[in-house]
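Reading through the structure tokens given below for one structure.
We're numbering straight along the sequence, starting at 1. Because only heavy atoms are used, hydrogens play no part in the values below, and waters and symmetry mates are left out as well, while side chains stay in. Read the numbers this way: they start at 1 and go in the same order the structure lists the ligands and their atoms.
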Amino acid sequence: MAPRVLVVEDNPVNLELVAALLESEGCGVIPAETADASLRLAAEERPDLIVMDIQLPGMSGHDATRRLKADPATAGIPVVALTAHAMRGEEARAHEAGFDAFLTKPVDTHAFRAALHRFLGDPRERPAVR
Ligand code: MN
């Protein structure tokens with residue numbers, strides 16, 4: 001089975017871009033537009049990876065990731081931060097919240113693929129069916 005990635009992004013254009021990148025890498029995509037939805041979907045679907053926007057309406061990506069990492073059911077799922085804030089200190093704050101990796105927007109496709117390979121393995125070495 002292809003790896004499934006939960007994408008938490010409130011901007012539809014960014015969501016579409018990230019989903020297209022993931023699909024080109026052979027991943028299935030589970031979309032969520034809010035942090036609340038992401039917590040529910042992470043527990044129900046147990047994705048292989050979560051890509052989380054930090055700036056979300058309502059609960060932030062930081063708080064959602066803290067909750068995911070505090071719940072034994074979801075703590076083992078790697079979470080990659082995606083943020084438009086490339087400010088000094090932002091990466092350290094993301095790591096404190098429990099993110100496993102940190103990427104900035106606009107999405108650098110090379111860095112994005114490298115993160116996917118780090119957490120999911122190289123798709124060329126992945127069996128088509130498992
Ligand atoms: Mn956002």
Near the Mn ion (ligand 1), meaning under 2.8 Å, the protein N/O/S atoms are Asp10 OD1, Asp53 OD2, Gln55 O
Can you name the residues that form a salt bridge (Lys or Arg N to Asp or Glu O under 4.0 Å) with [X], not counting sequence neighbours?
X	value
Glu96	none
Arg66	Asp63
Lys105	Glu9, Asp53

Decide side-chain hydrogen bond (donor to acceptor under 3.5 Å, both in side chains) for Ser60 and Gln55; before the verdict, give the C-alpha distance in whole Å, the side-chain angles of both, and the deciding distance to 0.1 Å.
-> CA-CA 6 Å; Ser60 72; Gln55 292 81 34; over 6 Å; no
Asp108 bridged to Arg113 by N-O distance under 4.0 Å
no
Quiz prompt | More than 12 heavy atoms of other groups within 6.0 Å of Glu45 CD | solution = yes
